Amino acid sequence: MTPLRISLAAAALLLLPAAAPAQNGKKIYADYHGVRYTRAHDGKLGRWEMHAETAKSKTGRKTLCYNADFMDAAGRHDIAAAAYPQAGMQSNLDPDYIEYQILSAKAAGIDGFFIEWGFMDHENDKLLKAMQPVAAKYGFEIGVNWCDGWLYYDWITRMHPEIDTREAKTEHYARCYQYLVDNVLSGPTAPTVGGRPVFYLFGPGAQPVEYAYAASKVRLPEGMPQPAVLRRWAEWGTLEANRYVPVRWSPEIQSWKELGMIPTAWLPARVRPMDAAHPHWDHYAEPDDLIEFMKPFRDSVWMSADPAYTVKSGFVMPGMDNRGCAGWGGQHFYYIPRDGGWTYERMWEFSMASRDSLDMMFIASWSDYTEGHEIEPTVENGDRELRTTLHYAAQFKEMPEDASGIALPARLFGLRKRSEYLAAARRKTADADALLDRAAAEIARGSYAEAAERLSAAEAAVDALEKTLKNRTLDVPESELRFSSDAVHGVRYASPELKVYLPETAVRSLIAARTHTGYLEFEYFDDAPTGDFVFLYSRTERQPKDIFATVAKFKTDGTGTWKRVRVELAPENVLYATTPGFTLMFKGKLKLRDVSFHYTLSR
């Protein structure tokens with residue numbers, strides 16, 4: 001094993017040859033933010049939901065209340081985001097969704113995802129492990145954007161109570177670093193640029209001396225080059241005479257450079273205060289600010305002849321609207337306009353002016369819906385950002401620009417889900433699934449015409465199977481339901497609990513159906529926030545029951561109005577049985593009325 005070398009201890013890194021900026025050896029990576037879940041797949045929601053105080057914001061907005069279990073009449077969930085994913089609210093751990101995202105990225109010229117990652121056994125580590133086999137199947141790379149601050153917060157102590165001091169966390173840092181070397185920076189999905197493994201170090205966890213100590217304990221596999229570490233440099237800068245002035249250099253970034261790291265950009269600074277044109281955000285940036293923010297990277301890193309800069313990375317992002325999270329507890333709303341896609345194009349143009357000096361490009365981000373800088377296709381923006389990415393990827397990597405593959409992964413994903421439903425209804429889907437598997441492989445190879453033919457054949461097979469289904473609707477109004485307590489002037493109370501019972505005829509119909517879709521609909525009074533969740537439970541046989549018995553959890557937001565919502569009833573989770581017991585149970589401080597169930601039953 002080779003020890004990981006760092007410049008603070010020795011100048012060996014300076015002797016390593018710079019990565020050649022060679023044409024088809026250039027790479028493009030996108031930051032990947034998670035984890036987002038669904039009740040049907042995981043029994044929870046993760047980053048799709050958000051509840052937080054924002055009273056410190058000058059916008060006047062006091063809370064965030066994104067009840068992602070709630071759907072509107074069009075089936076759109078109340079997710080913590082300014083834009084809605086074109087594929088709908090999906091689970092990051094669903095292999096079909098992972099396939100869709102990886103193939104979509106490949107079709108846009110992206111070589112890999114850098115998953116935001118903190119430490120071993122964290123939920124993002126499970127996401128990493130879920131993505132790697134799919135990536136290996138399709139020739140994609142999976143790296144990390146190491147958010148090592150997570151390790152130095154109390155998050156690690158909650159999982160491992162013995163790691164409760166900064167010294168203990170630094171020792172664990174070294175173990176996590178070795179884990180990344182052994183499991184991420186080597187192997188079939190390792191992100192490599194010019195033959196050198198690379199990762200992004202977000203911070204703000206280890207101090208330089210702590211990083212140096214941890215790195216000194218890491219051993220590289222024989223023959224592995226020293227990893228290139230792209231260190232986030234995102235100092236704020238100032239606004240002078242209505243002009244953004246960036247930070248050109250700082251002692252902090254110099255200390256990281258002395259460790260052999262390569263200063264790399266992150267989200268540009270937002271220093272302009274809220275004004276009449278931007279009333280929903282505490283601070284914002286104008287498009288010209290983004291270019292000024294990037295100039296120090298061009299001048300001091302990209303154009304530098306310093307051999308320590310073994311991998312030079314450009315940076316792009318499409319815009320920002322963090323009304324989904326308000327700064328993750330910072331109670332601050334930020335905005336960078338997308339400007340109809342022009343912001344993203346301008347950032348690409350700036351980097352492409354120096355493309356001969358760059359080895360890779362880093363995109364923030366593929367999927368950060370909560371901060372609003374995702375490039376994954378959305379209802380609002382379509383696949384515009386993917387097409388822009390492909391356009392500049394073709395220039396950067398000197399490859400053909402073939403946009404005919406951009407829409408194919410979405411077709412594939414939709415057919416996967418339709419086939420999944422048919423299989424649950426006991427239809428024989430093997431032929432259709434084989435066509436979909438072949439289409440996926442052809443998309444990954446860039447054989448888009450062949451993939452489109454396979455998808456059309458699969459669609460015909462799925463259409464034919466769907467015609468054999470015997471579907472019927474089942475609607476159960478409140479008048480046919482039984483409740484554990486009576487209504488008072490038409491209103492029911494969920495405190496301490498309210499049990500709801502379907503009639504036996506409806507239960508027997510659900511049991512007789514081979515599969516179904518369904519939702520609960522009701523109105524609730526959006527009372528003053530209590531800080532507590534209201535829960536909706538079902539009986540379930542799915543393990544672990546304490547997770548999958550939760551149908552929904554939500555909070556009130558104090559609008560003082562009655563709201564009508566729908567909640568999906570995942571057939572994988574909800575138990576319908578003729579044995580005594582409730583169908584659903586509300587639990588919490590809530591007033592509700594007009595409760596009804598709605599299903600489509602299939603045989």
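Everything numeric here is computed off the predicted structure, so don't read it as measured data. In this chain, numbering begins with 1 at the start of the sequence shown.
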inquiry  = Among residues at least two apart in sequence or on other chains, which ones pass ring pair (Phe, Tyr, Trp, His ring centres under 6.0 Å) with His51?
reply    =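 So His51 forms a ring pair (Phe, Tyr, Trp, His ring centres under 6.0 Å) with Phe533.
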Asp437 side chain reached by Arg416 side chain, heavy atoms, under 4.5 Å =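 Touching, per the 4.5 Å side-chain cut-off.
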key: Min side-chain heavy-atom separation His373-Asn322 under 4.5 Å   =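 Counting from C-beta outward, His373 and Asn322 never come under 4.5 Å.
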key: Those residues that, when tested against Arg603, pass salt bridge (charged side-chain N to carboxylate O under 4.0 Å, His left out) (two or more places apart)   =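 Salt bridge (charged side-chain N to carboxylate O under 4.0 Å, His left out) check on Arg603 returns nothing, list empty.
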query = Taking only residues two or more places apart in sequence, or in another chain, which ones meet Asp96 in a salt bridge (charged side-chain N to carboxylate O under 4.0 Å, His left out)?
reply =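 Residues passing salt bridge (charged side-chain N to carboxylate O under 4.0 Å, His left out) with Asp96: Lys417.
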task = Assess whether salt bridge (Lys or Arg N to Asp or Glu O under 4.0 Å) is satisfied between Arg47 and Glu374, documenting all intermediate values.
result = CA-CA 14 Å; Arg47 296 292 181 265; Glu374 75 292 326; over 6 Å; no
Is it the case that the side chain of [X] and the backbone of [Y] share a donor-acceptor pair, with hydrogens and angles ignored and the cut-off at 3.5 Å?
{"X": "Arg36", "Y": "His33", "value": "yes"}
{"X": "Asp339", "Y": "Trp342", "value": "no"}
{"X": "Arg566", "Y": "Phe522", "value": "no"}
{"X": "Thr515", "Y": "Ser602", "value": "no"}

task = Report the C-alpha separation of Asp383 and Arg387 in whole Å, then their side-chain angles, then the decisive distance to 0.1 Å, and conclude whether the salt bridge (Lys or Arg N to Asp or Glu O under 4.0 Å) test is met.
result = CA-CA 6 Å; Asp383 58 15; Arg387 293 179 182 275; 3.0 Å; yes
key: Name of the residue among Lys106, Lys26, Lys397 meeting salt bridge (charged side-chain N to carboxylate O under 4.0 Å, His left out) with Asp111   =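 It is Lys397, the one option of Lys106, Lys26, Lys397 that forms the salt bridge (charged side-chain N to carboxylate O under 4.0 Å, His left out) with Asp111.
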task = Name all pairs fulfilling the side-chain hydrogen bond (donor to acceptor under 3.5 Å, both in side chains) condition that reach into residues 134-144, sequence neighbours left out, sorted by first residue then second.
result =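 Applying side-chain hydrogen bond (donor to acceptor under 3.5 Å, both in side chains) to every pair that reaches into residues 134-144, excluding sequence neighbours, yields Lys27-Glu141, Tyr29-Glu141, Glu99-Tyr138.
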Does a side chain donor of either [X] or [Y] reach within less than 3.5 Å of an acceptor in the other side chain?
{"X": "Tyr32", "Y": "Asn92", "answer": "yes"}
{"X": "Asn67", "Y": "Asp78", "answer": "no"}
{"X": "Trp117", "Y": "Asn145", "answer": "no"}
{"X": "Ser419", "Y": "Asp433", "answer": "yes"}
{"X": "Tyr369", "Y": "Glu376", "answer": "yes"}

ask   = Where do Asp94 and His41 land on the side chain to side chain donor-acceptor pair (under 3.5 Å) test, with the steps shown first?
value = CA-CA 7 Å; Asp94 178 353; His41 194 273; 4.5 Å; no
Criterion side chain to side chain donor-acceptor pair (under 3.5 Å) on Asp321 and Trp281, from CA distance to verdict = CA-CA 8 Å; Asp321 186 345; Trp281 303 278; 3.0 Å; yes
Non-neighbouring partners of Thr583 that pass side-chain contact (heavy atoms from CB on, under 4.5 Å), sequence neighbours left out =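 Residues passing side-chain contact (heavy atoms from CB on, under 4.5 Å) with Thr583: Leu502, Tyr576, Phe597.
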inquiry  = Do Arg355 and Phe396 form a cation-pi contact, if we require the NZ or CZ to be under 6.0 Å from the six-membered ring centre and within 45 degrees of the ring's axis?
reply    =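 The answer is no, since Arg355 fails at least one limit relative to Phe396.
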ask   = Does Arg270 make a cation-pi contact with Tyr334 (under 6.0 Å, within 45 degrees of the axis)?
value =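 Yes, cation above the ring, under 6.0 Å and within 45°.
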Would you call [X] and [Y] a salt bridge, taking side-chain N to carboxylate O under 4.0 Å as the test?
{"X": "Arg564", "Y": "Glu521", "value": "yes"}
{"X": "Arg39", "Y": "Glu568", "value": "no"}
{"X": "Arg418", "Y": "Glu466", "value": "yes"}

request  = Give every residue pair that meets the ring-ring contact (aromatic ring centres under 6.0 Å, His included) criterion with at least one member in residues 429-460, sequence neighbours excluded.
outcome  =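 Sorted result for residues 429-460: empty, none.
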query = Going through the distances and angles, do Phe293 and Phe350 end up as a ring-ring contact (aromatic ring centres under 6.0 Å, His included)?
reply = CA-CA 11 Å; Phe293 177 85; Phe350 181 81; over 10 Å; no
